[in-house]
Amino acid sequence: MSTPSCVTRFAPSPSGHLHVGGARTALFCWAFAKGKGGTFLLRIEDTDQKRSSDSASVGFLKDLAWLGIGWDEGPVLGTHGGGAHGPYFQSERLDIYNRYLAQLVEAGKAYYAFDTTAELDAKRQAAKLAGHAYRYDRSEMANLPKATVDAWLAEGRPAVIRCKTPDGPITIVDEVLGEATLPAGEVDDFVIRKADGFPTYHFAVVVDDELMRVTHVLRAQEHFNNTAKHMVLQDALGFRRPIYGHLPLITNPDASKMSKRDKDKVLRKTVIDRKLTAPPQDTISQARFDAWMADKNTQLELAEASLLATGLQVTLPEINVDDFRQSGYLPEVLCNFLALNGWSPGENVEKFDTEFLKQRFDLKRVVKTPAKFDRTKLLSFNCDAITGMPREEFVSRARLHGQEFHADFMKRITAEQFEQLAGASHERSKTLDEMFRTNRFFIIADDVLAWERSKNVEKALLGPEPNGLSHLRAVLPVLEGCAEWSATALEQAITPYAVQHTEGNLGKVAQPLRIAVSGGTVSPPIFDTLAILGRDSTLNRIRRCIATFTA
RNA sequence: GGCCCCAUCGUCUAGCCCGGUCUAGGACACCUCCCUUUCACGGAGGUAACAGGGGUUCAAAUCCCCUUGGGGUCACCA
């Protein structure tokens, strides 16, 4: 097997959900490697025992697959993953790390340190009060006699291993940011193995990138300063140095970090604004609600947050890839838009697919500044993509979306009705989800349909004579007499009435009809709406509407 | 606070490396008008930026310096 010229990796910590920022990083790593005929690999950084317990820890893989970002090596999912350089879970590579760790200690490039957390905290605190940055002081631990170290280890004293960082400035060479030099002393003797025996992130990354023959490290800019530590370790271990590229962060419009905490904030604000003291029915328990509201620092689980949001009828900001999926965004649009945050192909091109990205992606064109994530523009892109696709494609993609996220809706509508509805909704849909949210009236029973009592409704129905209500009365027998119940047949039946009684102003008849059958002022085009609804429901609802508003 | 990085319309960005073609381009948003049976779409126009100050130069958005502003990072998290 030949060695690929280019190997990139995406190395997240385990999670059930893929954050959009992570998705963008993965996308760039993927595009970079695949554009060069190289390998893109996935590695799970699960060295934090406290965080790596849950079984859904690699749920984010499905998000990656949904986006169309396939990985050549890594955890197996469908046709993705596998590879000869595993295991790809760091927690399964402990003996590998320990080998290199021992080598460093042996060579005097790393040492055991027995400081307690309390001692270190105190020193950090003192440094902070003194107004300078804390740097680990190696004078005690680095010079412990070997006999002492062995004795303390033998008696089971908790110990970490620290890297003995050489003195001197460190220059980071970065393909997007250029060169940056950290002054001597800026990188101290950092921990490379924790007291629990697990390597720290820094150590595991360096070893794995070497062993997995990673050539290019593309990661978020928040890792920039870590690079110096990784360089120190590479030198100590005699490893080659990969090429680095640090990608600009993606933030909220207010420049704050995008995090699932944003969902919590929306919910908390809603609860406070509405002065609620109890959760809505069928959401979360009162006890959970109280505990959550009592402490600003606790967060609801994602599932709880969704339940509560549904109960409160608020929409949560999309943060994770599956949030966007649920909201009805297209994976290809999300990829396109994500790529535009931090990169652009120039030449005023901004609509492209991942194939184009693969061919054109280039570190030189990655921007240095953080990008504020603009959901409105994403929505506009999504709208363009939806209205631009063939009708059959929209219908089938909307169907899949409905089956996954609106099972109740799909159950109460026939296949034929769905096809008509989707067809009528196509050109007015900005997302795959919209038609399910705005057309609930199709799936409720005729006798529970309620009419909204808004200004617009009253204006359309109860204005000066001849008003909407009288048009409804007049048009009812016309509809009853319709032999064929299709959009075109209905149009042919109603239009003459409009010509005769409203000077051809179809709206004067259409809007009352819309209200009568939907309960509100918004629906697909009126004849489609009536056709989908069917003869019985349409007539039923019009009769009830007349009765209701006449009373 | 120390250290590092960055700085073009409200937002994402093109241009910057290799000064003149930039009276700074595109997209989203916004405003106006048109289309229209609701919603949405669509069409035509428009508003809108080189953070500030010093240099260098015949010429600076483009090069240099300072100021200001923003971001990142300072864990036995990753």
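We name chains A, B, ... by the order of the sequence lines, and we start the count at 1 in each one.
The residue Lys351(A) sits apart from the nucleic acid: no heavy atom pair falls under 4.0 Å. Residue Pro12(A) is out of contact with every strand shown, counting any heavy-atom pair closer than 4.0 Å. Using a 4.0 Å heavy-atom cutoff across all strands shown, Glu222(A) reaches sugar-phosphate atoms only and no base atom. Among the protein residues, Val191(A) comes within range of the sugar-phosphate backbone only, with heavy atoms under 4.0 Å from sugar or phosphate atoms but none that close to a base. Within 4.0 Å of Ile526(A), counting heavy atoms only, lies at least one base atom of the nucleic acid. Using a 4.0 Å heavy-atom distance criterion, Ala180(A) is classed as a sugar-phosphate-only contact. Among the atoms of the strands shown, only primed sugar atoms or phosphate atoms (P, OP1, OP2) are found under 4.0 Å from some heavy atom of Gly342(A). Residue Asn456(A) is classed as having no contact, given no heavy-atom separation below 4.0 Å to the nucleic acid. When heavy atoms are screened at a 4.0 angstrom cut-off, Asp121(A) is found touching no nucleic acid atom at all. Note on Arg193(A): nothing from the nucleic acid sits closer than 4.0 angstrom, heavy atoms only.
No side-chain heavy atom of Trp343(A) sits less than 4.5 Å from a side-chain heavy atom of Val367(A). Proximity of Asn226(A) to Tyr201(A): side-chain heavy atoms (C-beta onward) are separated by under 4.5 Å at one or more points. The shortest side-chain heavy-atom distance between Val160(A) and Tyr111(A) does not fall under the 4.5 Å cut-off.
Every residue two or more places apart in sequence or in another chain that forms a side chain to side chain donor-acceptor pair (under 3.5 Å) with Asp209(A) is listed here: Arg9(A), Arg43(A). Remark: Arg397(A) pairs with Glu332(A), Glu393(A) by the salt bridge (Lys or Arg N to Asp or Glu O under 4.0 Å) rule, at least two apart or across chains.
Nucleotides of RNA chain B with any atom under 4.0 Å from a heavy atom of chain A span, from 5' to 3', G1(B) to A78(B).
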Cut-off 3.5 Å, no hydrogens considered: what does the side-chain donor-acceptor table look like for residues 507-532 of chain A, sequence neighbours left out?
residue   : atom : partner   : partner atom : Å
Gln511(A) : OE1  : Arg514(A) : NH1          : 2.8
Gln511(A) : NE2  : Thr521(A) : O            : 3.3
Arg514(A) : NE   : Ser523(A) : OG           : 2.9
Arg514(A) : NH2  : Pro524(A) : O            : 3.3
Ser518(A) : OG   : Arg514(A) : O            : 2.8
Ser518(A) : OG   : Gly520(A) : N            : 3.1
Ser518(A) : OG   : Gly520(A) : O            : 3.0
Ser523(A) : OG   : Thr529(A) : OG1          : 3.2
Thr529(A) : OG1  : Pro524(A) : O            : 2.8
Thr529(A) : OG1  : Pro525(A) : O            : 3.0

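Shown for residues 362-379 of chain A: residues whose heavy atoms fall under 4.0 angstrom of RNA chain B, namely Arg365(A), Val367(A), Lys368(A), Thr369(A), Pro370(A), Ala371(A), Lys372(A), Asp374(A), Thr376(A), Lys377(A). Within residues 243-257 of chain A, the residues having any heavy atom under 4.0 Å from RNA chain B are, by residue number, Leu249(A), Lys257(A).
The aromatic rings of His401(A) and Phe436(A) sit tilted relative to each other, their planes meeting at an angle between 30° and 60°.
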